[in-house]
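Below: one structure, written as structure tokens.
Just so you know, residue 1 is the first one in the sequence shown, and it goes up from there.
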Amino acid sequence: MKRLWIAASAVLVIIVLSLLSLNYTYNVTNELANQLGQIKVSVKQENTAQTIYLCNEYKASWDEKEKTLVKFMRHNPLDKITGMSARLSSLAEYADKSELMAVLDELIDSTHHLLEEETPRLDSIL
């Protein structure tokens, strides 16, 4: 009977930790997507100083959150986002609007993809 309780407790701990990581990923992806949306608005308004500031703010935010995400996610998607976010401020600084918008769109897609990878689905479980 003790083994049953230990096994049930272990399963419960795994489920709770999975839900916590999913909740954290959901919050992070929403926050980052909102920041990227603000950058896109700033680019469309052609406010270069604000765009550079927002890009630097996004990069700092991503660097902080990546330290936690790397503990429970695959590294390839995280490295892809890190590489793209490193290019943002230089693209904004040199006013390469079309390239910056393309990178922002790709970052938004990659950010949403992080949540999709973490969300349990029947095809990913089996």
Examine Ile81 and Tyr24 and state if one hydrophobic cluster contains both, with Ile, Leu, Val, Met, Phe, Trp and Tyr joined whenever side-chain heavy atoms are less than 4.5 Å apart.
yes

Non-hydrogen atoms of Ser42 and Leu54 that approach each other most closely:
CB-CD1, 3.9 Å

When you measure from the side chain of Asn23 to the backbone N and O of Leu19, does any donor-acceptor pair fall under 3.5 Å?
no

Considering only heavy atoms from C-beta outward, does the side chain of Asn47 approach that of Val41 to under 4.5 Å?
no

Should Ile39 and Val103 be regarded as members of a common hydrophobic cluster, given that ILVMFWY residues are connected when their side-chain heavy atoms come within less than 4.5 Å of each other, either directly or indirectly?
yes

Shortest non-hydrogen contact from Ala92 to Thr51?
CB-CG2, 3.6 Å

Within 6.0 Å of CZ in Phe72, more than 12 heavy atoms from elsewhere:
yes

Between Thr25 (side chain) and Ser21 (backbone), is there a donor-acceptor pair under 3.5 Å?
yes

Do Lys40 and Asp105 make a side-chain contact, defined as non-hydrogen atoms from C-beta onward lying under 4.5 Å apart?
yes

Using side-chain heavy atoms (C-beta onward) and a distance below 4.5 Å, is Leu107 in contact with Leu88?
yes

Presence of salt bridge, Lys59 and Asp63, under 4.0 angstrom:
yes

Answer whether the closest heavy-atom distance between the side chains of Asp79 and Glu66 falls below 4.5 Å.
yes

Flag yes if Trp62 and Ile108 sit in one hydrophobic cluster, no otherwise; membership is Ile, Leu, Val, Met, Phe, Trp, Tyr, and two members link when side-chain heavy atoms are under 4.5 Å apart.
yes

Set out, in order, the CA-CA distance, both residues' side-chain angles and the distance that settles side chain to side chain contact (heavy atoms under 4.5 Å, CB included) for Leu115 and Val28, then state yes or no.
CA-CA 9 Å; Leu115 183 60; Val28 165; over 6 Å; no

Hey, does Gln35 have a side-chain heavy atom less than 4.5 Å from the side chain of Leu32?
yes

